Amino acid sequence: MMDFFDNWTVQVRKGLLEVCILNALANQERYGYDLVKTLVQIPGLGVTEGTLYPLLSRLRVQGLISARLEESSEGPARKYYSLTRDGRKIMAAMNDYLETLNKGARTLRDGGKA
Amino acid sequence: MTTWTDSAKEKLEDYLTRVRSTLHSSGADPVEVTEDIRRHISEEIAAGQLEVVTTDDVERILLRLGALQAAAPTRAGHPATVSVPATKPLEPKPRHVFALLFGSILPLLALVFELATRGCAAIMFDPIPDTWHLLLVGVVPLVNALTWWSIRERRHSWFAPLGHANAFVLGITIYYAFMFATVTPFAVVGIIIYGLGLLPLAPLFGFIATWRLRVLLKRTAAEQPSIAGLRWGLGAAALLLALVALPIPFTRYWSQIAAHESPEDKVEAVKWLRLFGREEVLLSDCYGNSGWGGNAPWGIYVQGRPVSPEAARSIFYRVTGRPFNAVAPPQSGFGLKRWDFLDELSWDAEQGGTIVGGRLKGLSLAQSRLDGLMDADAAWSYVEWTLEFKNVSTTQREARAQIALPPGGVVSRLTLWVNGEEREAAFAGCSQVRQAYQQVVNVQRRDPVLVTSCGPDRVLMQCFPVPENGGTIKVRLGITSPLHLENAESAVALWPHFIERNFNVPDHLEHSLWVEARQPVHSASPAFKTDLSKPGVQALRAQLRDARLSEPASAVRLRRDAAANEAWITDHRSTDGQIVRQTIKPRREPAPERIVFVVDGSLSMTEFFPQIAGVLRNLTNGVEFAVLLAGDSVEELSPVRRGDEATCRQVADQLAQRKGAGGQDNVPALMRGWDWAAERPNGVVVWIHGPQPQLLENGETIQQRFDWRPGGGPVIFEVQTSPGPDRVIENLNGKAALKSVARYGTLREDLGRLTDGWRGGATQLELTRERSASGVMPVTNRGKENSRHLARLWAYDEILRLIAARKRDAAVQLAGLYQLVTPVSGAVVLETRQQFDQAGLQPVDPQSVPMVPEPGTFVLLVLGLLAAALLRWRRRSAKPAANC
């Protein structure tokens with residue numbers, strides 16, 4: 001029974017991870033370490049730090065986020081990520097979609113009709 | 001300061017290696033991810049304030065990082081390795097295809113197409129007129145392809161230099177997009193309606209694609225500090241384009257001013273052109289062809305509006321100092337195959353006219369031989385110049401050339417080969433022969449050849465047609481000339497040579513020379529080989545390149561009997577058997593009361609200024625002289641003054657240090673020199689000049705001076721320093737007051753010979769020919785009868801006298817009788833008897849023309865050959881009989 005639940009959560013979180021990254025960058029640019037630490041802290045997302053870097057790279061290659069390096073006085077140079085125009089559009093579309101989906105699921109749960 | 005243990009380093013590197021291999025087809029950039037992880041670990045170490053990083057530390061941090069491939073989350077607190085759904089493989093996206101297609105492939109196709117066909121150059125303007133443009137255009141597809149590949153392969157180390165290169169290419173595409181802007185709307189319409197017209201849009205698409213590649217480059221290279229170099233690359237492109245491309249419109253801009261503005265502006269414009277003008281552009285405009293943007297698509301001149309070919313030829317001379325047709329015709333850029341048929345169809349505007357004009361493509365001299373007979377004692381020479389022209393173009397061509405004759409020489413024979421047979425010329429008045437020629441050339445388009453006088457000691461030869469596709473035409477000119485007597489024991493002969501031509505003389509072609517005389521003959525040139533194989537005569541043979549034919553070093557010198565001061569011939573053309581007698585007498589030249597030196601200030605004269613200075617230094621004390629330099633304006637190097645050693649040296653030093661510039665108009669200086677010389681009863685002008693292929697000022701002003709003083713005005717001694725056309729001399733054809741100084745030494749030697757002759761006591765040998773009744777000549781002086789060439793030379797002298805006396809009809813009649821080309825007469829060979837009849841001309845009797853060997857020798861040769869053949873036949877006939 002638990003295996004079924006585990007697999008289901010994996011499927012749900014797998015799709016959510018990308019929209020979480022985009023949302024994390026929606027209002028400000030953030031440097032990688034900070035971004036990873038923030039996302040890892042989200043309850044239930046269950047993501048490891050190592051998982052996020054390939055995902056960030058993939059999103060950048062796909063043109064949804066952009067990155068720049070900035071020297072830091074506190075340590076190594078920091079890599080700052082921000083949303084691109086395409087990324088912002090996709091994020092809005094994904095949020096709308098999730099909202100619609102969630103609303104539908106909630107309606108069903110409350111005994112209404114979709 | 002943090003220190004890593006070796007094992008910790010190994011642990012990390014091992015992990016990162018596995019990371020790279022895991023991510024190879026994940027859609028993420030493995031290099032970027034490993035760098036991110038490295039950065040993350042550094043942050044962790046900094047946060048933990050570790051001074052020494054051990055294997056345990058690394059393992060701890062890596063454990064927190066978790067399994068890398070686990071993009072899939074696990075249930076909180078229970079890490080589990082779950083396969084990450086494969087991200088999409090990195091395939092070229094549409095925008096990458098656009099960048100490759102329009103940034104690299106289309107520009108490359110357009111370049112190859114243009115090189116292969118030269119279509120744009122032929123129809124509109126030439127986008128790649130020289131090597132520099134080719135390199136600039138070639139860089140575009142190359143750099144764009146490289147950028148595209150580097151983005152695709154994520155070659156991060158290449159990104160920084162590619163950022164600069166991309167900006168440079170951007171600058172080039174902007175320039176070409178602007179150049180093709182006039183074509184763009186029509187190309188768009190062409191694509192919409194006909195589906196054609198993509199190539200003219202290549203520069204515009206190239207610009208857009210290059211910009212797109214820059215955006216992609218920036219995005220891909222995010223971990224680099226930045227993709228810089230936009231200003232640098234654009235600046236470099238602008239600088240190179242300014243150096244390579246801007247001289248073309250600048251040249252045209254200054255050409256327009258030089259052609260149309262006020263005299264002061266013209267001088268200024270020519271100075272600018274000398275400094276920054278493109279010679280190839282000027283040369284192209286001389287031919288009025290499409291190269292270098294000479295054509296205007298829809299009336300818009302992309303590379304500047306060219307002036308007319310006539311104006312361009314004048315400007316070319318003023319700027320370079322050379323005739324436009326003295327250099328190879330322009331090549332319209334590069335190309336495997338030019339649209340040559342467009343050039344071939346272009347009409348030869350000078351065909352049948354009196355101007356040599358530009359070099360014609362495909363027309364060249366195929367063979368040339370000069371055969372000469374000389375008599376040093378009687379001081380005459382006869383040279384036959386046989387020329388064969390070849391035409392490899394696709395249209396018939398007319399070969400034209402100005403030919404310099406030996407001083408005092410006259411064309412006395414003209415032959416054309418028609419279907420392998422020799423046809424002799426008819427000699428008549430200039431207008432009559434030219435009209436006959438033009439009728440045949442322009443209307444009937446059949447085989448004629450025409451020779452007319454075009455200046456002192458120069459003729460214009462033109463023959464038509466040289467058949468297309470490798471066809472040939474063969475002509476021969478016979479030239480009778482007096483020999484120049486250096487002294488009583490030495491005579492000099494010069495070779496005829498080309499002054500100006502509209503055909504090419506291949507580098508490998510050599511003129512084949514053969515000259516015979518009864519006196520010892522030699523040349524200073526080592527190219528000449530002596531031939532003593534024939535008893536009683538000496539011969540010289542040589543193979544000479546075209547440039548060497550006119551050199552004084554190629555002159556032939558003959559030893560002569562100092563006592564031989566008379567020669568005579570019965571004039572068979574006289575009605576009552578008169579004889580022509582030539583005498584050689586010493587003559588003392590009267591010293592002129594004033595000498596005005598007019599020196600051409602053209603660039604080509606620079607090397608001769610020291611030699612002229614050398615002559616000025618040696619001027620006789622007390623002589624009244626002046627020196628004028630024909631520059632952009634007339635410069636008085638020395639006003640009229642009495643010469644003394646110090647003055648002459650000062651003026652000479654001043655001249656020796658001067659440098660010529662471009663090509664100068666000599667007429668204003670010549671007129672001022674004539675005016676100064678005319679202030680004294682016996683003033684002379686010594687005009688030392690290079691070729692002047694364009695008459696830049698009104699020639700009538702100087703003509704007027706000669707017309708008013710046909711016999712008594714100042715004499716102009718012209719000394720030309722190098723071979724080439726001179727319209728000023730042509731303009732003064734037939735004027736007795738213009739005397740050419742023969743050139744068979746260095747300029748200093750020949751000038752010195754002239755000025756030394758004016759010193760007190762110096763004498764020169766003079767040839768005088770007169771015709772009189774047979775009984776008038778003293779019997780003691782008769783000796784052996786000489787050559788008919790003496791009669792021809794007498795007739796030529798007489799014709800010039802008649803012209804000076806304005807007895808033109810009598811001069812024409814005499815020229816026709818003696819078959820000579822003079823300022824009032826010409827020679828024409830037509831193809832058929834009917835053509836001669838229609839033109840009212842009578843071809844000469846082949847028996848009456850001079851030839852090499854001479855008729856007497858020729859007959860003896862034929863008789864000798866016949867005798868030898870008879871003897872051999874008799875011996876052969878006798879052998880069988882003996883055997884029997």
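Naming: A, B, ... by sequence-line order, numbering from 1 per chain. Predicted model only: the values in this text are computed from it and were never measured.
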Exercise for the section: Under the ring pair (Phe, Tyr, Trp, His ring centres under 6.0 Å) rule, collect the residues that match up with B:W158, sequence neighbours excluded. Expected result: B:W149

Exercise for the section: Give the minimum heavy-atom separation between A:Y53 and B:V33, together with the two atoms involved. Expected result: O-CG2, 3.9 Å

Completion exercise
Nearest heavy-atom contact between B:A28 and A:P54 is CB-O, 3.3 Å

Problem - Partner residues of A:R88 under the salt bridge (Lys or Arg N to Asp or Glu O under 4.0 Å) criterion, sequence neighbours left out - result: none

Problem - Non-neighbouring partners of A:E70 that pass salt bridge (Lys or Arg N to Asp or Glu O under 4.0 Å), sequence neighbours left out - result: A:R68

Practice task
Determine which residues belonging to residues 31-41 of chain A lie within contact range of chain B, meaning some heavy atom pair is under 4.5 Å apart, and list them by number or answer 'none'.
Solution key: A:Y31, A:Y33, A:V36, A:K37

Problem - Within 6.0 Å of CG in A:N27, more than 12 heavy atoms from elsewhere - result: no

Practice task
Heavy atoms only: give me the nearest B:D29-A:S57 pair and the separation to one decimal.
Solution key: N-OG, 2.7 Å

Practice task
State the NE2-CG distance between B:H40 and A:L52, to the nearest 0.5 angstrom.
Solution key: 9.5 Å

Problem - Full working for side chain to side chain contact (heavy atoms under 4.5 Å, CB included) between A:K79 and B:E35 - result: CA-CA 10 Å; A:K79 189 170 183 180; B:E35 288 302 311; over 6 Å; no

Problem - CD (A:E99) with more than 12 external heavy atoms under 6.0 Å - result: no

Handout entry: Interchain contact, A:Y80 with chain B, by part (heavy-atom threshold 4.5 Å)
Key = neither

